[in-house]
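Worksheet for the structure shown next.
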Amino acid sequence: MRLLMLCLLSLCLAMPALAERKQTFGEVDVHYSVFNSSFLQPDTAAASGLIRSKTKGVVNVSVLKNGKSQNALVEGSVKYLSGQVQPLVFRTLREQSAIYHLAQFEVELQEMLVFTLTVKDSDGRTNTFNFHQEVFPGP
């Protein structure tokens, strides 16, 4: 499992289009990234319960308080250019002191998507934010 998390983290850090993206709410930082699941190695995808496909994207969310990973309830949705809204179903992966919240979504076309995330932190505070991300079907 440790290798899995290192692979996911390395993948996110290696992608040039993914500079650090975060929202700060008081002492809580919500880090997030979006990538195509075809970039995952088959064993990494299987170990994390993700479907590896050219037409599946992944949203990765980490919640930190004072620099330390925190448990949180993460919910959200993705809105396509057609106006269709798809709920995001997050699963939580834990690796030693790191906690990751992962959800998959459909990527049929190259388009700009609008993501809405709601994060309820360990102190019970709920924060919602939106971000835009251009996605592409994978290789």
Side-chain angles (χ1 to χ4, degrees):
M1 188 64 139
R2 181 177 182 186
L3 181 58
L4 165 69
M5 290 304 124
L6 288 174
C7 289
L8 280 173
L9 182 60
S10 296
L11 175 67
C12 292
L13 294 176
M15 296 179 69
L18 294 176
E20 179 182 37
R21 298 184 75 180
K22 74 175 181 176
Q23 290 284 323
T24 300
F25 305 101
E27 298 175 331
V28 174
D29 291 325
V30 179
H31 294 260
Y32 56 93
S33 62
V34 174
F35 57 93
N36 191 290
S37 67
S38 64
F39 290 115
L40 294 170
Q41 293 298 317
D43 56 336
T44 302
S48 60
L50 297 172
I51 298 169
R52 188 175 179 270
S53 169
K54 295 188 286 188
T55 61
K56 294 272 187 200
V58 178
V59 180
N60 179 12
V61 178
S62 296
V63 180
L64 292 93
K65 182 176 179 182
N66 299 321
K68 294 187 179 182
S69 195
Q70 298 290 306
N71 194 30
L73 175 63
V74 180
E75 298 175 330
S77 63
V78 58
K79 183 176 182 181
Y80 297 88
L81 286 176
S82 66
Q84 175 190 6
V85 176
Q86 176 186 342
L88 295 170
V89 179
F90 284 88
R91 73 184 74 213
T92 301
L93 295 177
R94 299 172 194 275
E95 172 59 32
Q96 295 176 355
S97 62
I99 302 171
Y100 303 93
H101 306 279
L102 304 170
Q104 287 200 277
F105 60 94
E106 297 296 324
V107 180
E108 304 264 335
L109 307 167
Q110 176 182 348
E111 64 181 308
M112 183 67 73
L113 302 180
V114 178
F115 292 84
T116 301
L117 298 180
T118 300
V119 177
K120 184 174 183 179
D121 65 33
S122 58
D123 294 330
R125 288 184 292 256
T126 301
N127 295 289
T128 300
F129 64 97
N130 299 314
F131 68 94
H132 295 77
Q133 175 74 45
E134 187 172 14
V135 297
F136 307 83

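It should be emphasised that the depicted structure is a prediction, and the values quoted were computed from it without experimental measurement. Atom set for the values below is all heavy atoms of this structure, side chains included, hydrogens, waters and symmetry mates excluded.
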#### Entry: Nearest non-hydrogen partners of Y100 and S62, listed with the distance
CD2-OG, 3.5 Å
### Task
Just do the side chain to side chain contact (heavy atoms under 4.5 Å, CB included) check on V59 and F90 with the steps written out, would you?
CA-CA 9 Å; V59 180; F90 284 88; 4.2 Å; yes
### Query
What's the verdict on side chain to side chain contact (heavy atoms under 4.5 Å, CB included) for R94 and N71, showing C-alpha distance, side-chain angles and the deciding distance?
CA-CA 9 Å; R94 299 172 194 275; N71 194 30; 3.2 Å; yes
### Aromatic ring pairing F115/F105, orientation class (parallel under 30°, perpendicular over 60°, tilted between)
perpendicular
### Message
Assigning hydrophobic clusters by single linkage (Ile, Leu, Val, Met, Phe, Trp, Tyr; side-chain heavy-atom cutoff under 4.5 Å), is F129 placed with L113?
### Response
yes
### Query
So do Q23 and Y32 actually touch side chain to side chain, heavy atoms under 4.5 Å?
yes
### Task
Determine, using the 4.5 Å side-chain heavy-atom cutoff (strictly less than), whether Y80 and M112 are members of one ILVMFWY cluster.
no
### Query
What closest approach, in Å, do K56 and I51 show between heavy atoms, and which atom pair accounts for it?
CB-O, 4.1 Å
### Heavy-atom side-chain contact between V58 and L50 under 4.5 Å
yes
### Task
Ignoring hydrogens and angles, state whether a donor on the side chain of R21 or Q133 is under 3.5 Å from an acceptor on the partner side chain.
yes
### Query
Any idea which heavy atoms bring V63 and A72 closest together, and the distance?
CG2-CB, 3.7 Å
### Any donor-acceptor N/O pair, N36 side chain to F39 backbone, under 3.5 Å
no
#### Entry: Euclidean distance, S82 OG relative to L109 CG, rounded to 0.5 Å
9.0 Å
## Note on the structure
So the salt bridge (Lys or Arg N to Asp or Glu O under 4.0 Å) pairs with at least one residue in residues 25-34 (sequence neighbours excluded) are K22-D29, E27-K65
### Query
Going hydrophobic residue to hydrophobic residue with side-chain gaps under 4.5 angstrom, can you get from V135 over to V114?
no
### Task
Mind listing the closest non-hydrogen atom pair of R52 and A45 along with its distance?
CB-CB, 3.9 Å
### Query
Got a donor-acceptor contact below 3.5 angstrom from the T44 side chain to the L40 backbone?
no
### Message
Distance check, rounded to the nearest 0.5 Å: N127 atom CG versus D121 atom CG?
### Response
6.5 Å
### Task
List the atom of A103, the atom of V89, and the distance in Å for their closest heavy-atom pair.
CB-O, 3.4 Å
### Query
Is the shortest heavy-atom distance from the side chain of T92 to the side chain of I99 under 4.5 Å?
yes
### Message
Less than 3.5 Å apart, any donor N or O on the side chain of E75 or T118 sitting next to an acceptor on the other?
### Response
no
### Task
Decide yes or no on side chain to side chain contact (heavy atoms under 4.5 Å, CB included) for T128 and L117, but give the supporting numbers first.
CA-CA 6 Å; T128 300; L117 298 180; over 6 Å; no
### Task
Mind checking the CD-CD spacing from Q86 to E106? Nearest 0.5 Å is all I need.
6.0 Å
## Note on the structure
Distance col, row F25:CZ vs D123:CG, nearest 0.5 angstrom, shows 14.0 Å
### Message
Looking at every non-hydrogen atom in both residues, tell me the closest pair between R125 and V28 and how far apart they are.
### Response
NH2-CG2, 4.4 Å
### Task
Measure the spacing between CD of Q41 and OG of S48 and express it to the nearest 0.5 Å.
12.0 Å
### Query
Hey, any chance V30 and L64 share a hydrophobic cluster, counting ILVMFWY side chains that come within less than 4.5 Å of each other, even indirectly?
no
#### Entry: Straight-line distance of L73 CG to S122 OG, nearest 0.5 Å
12.0 Å
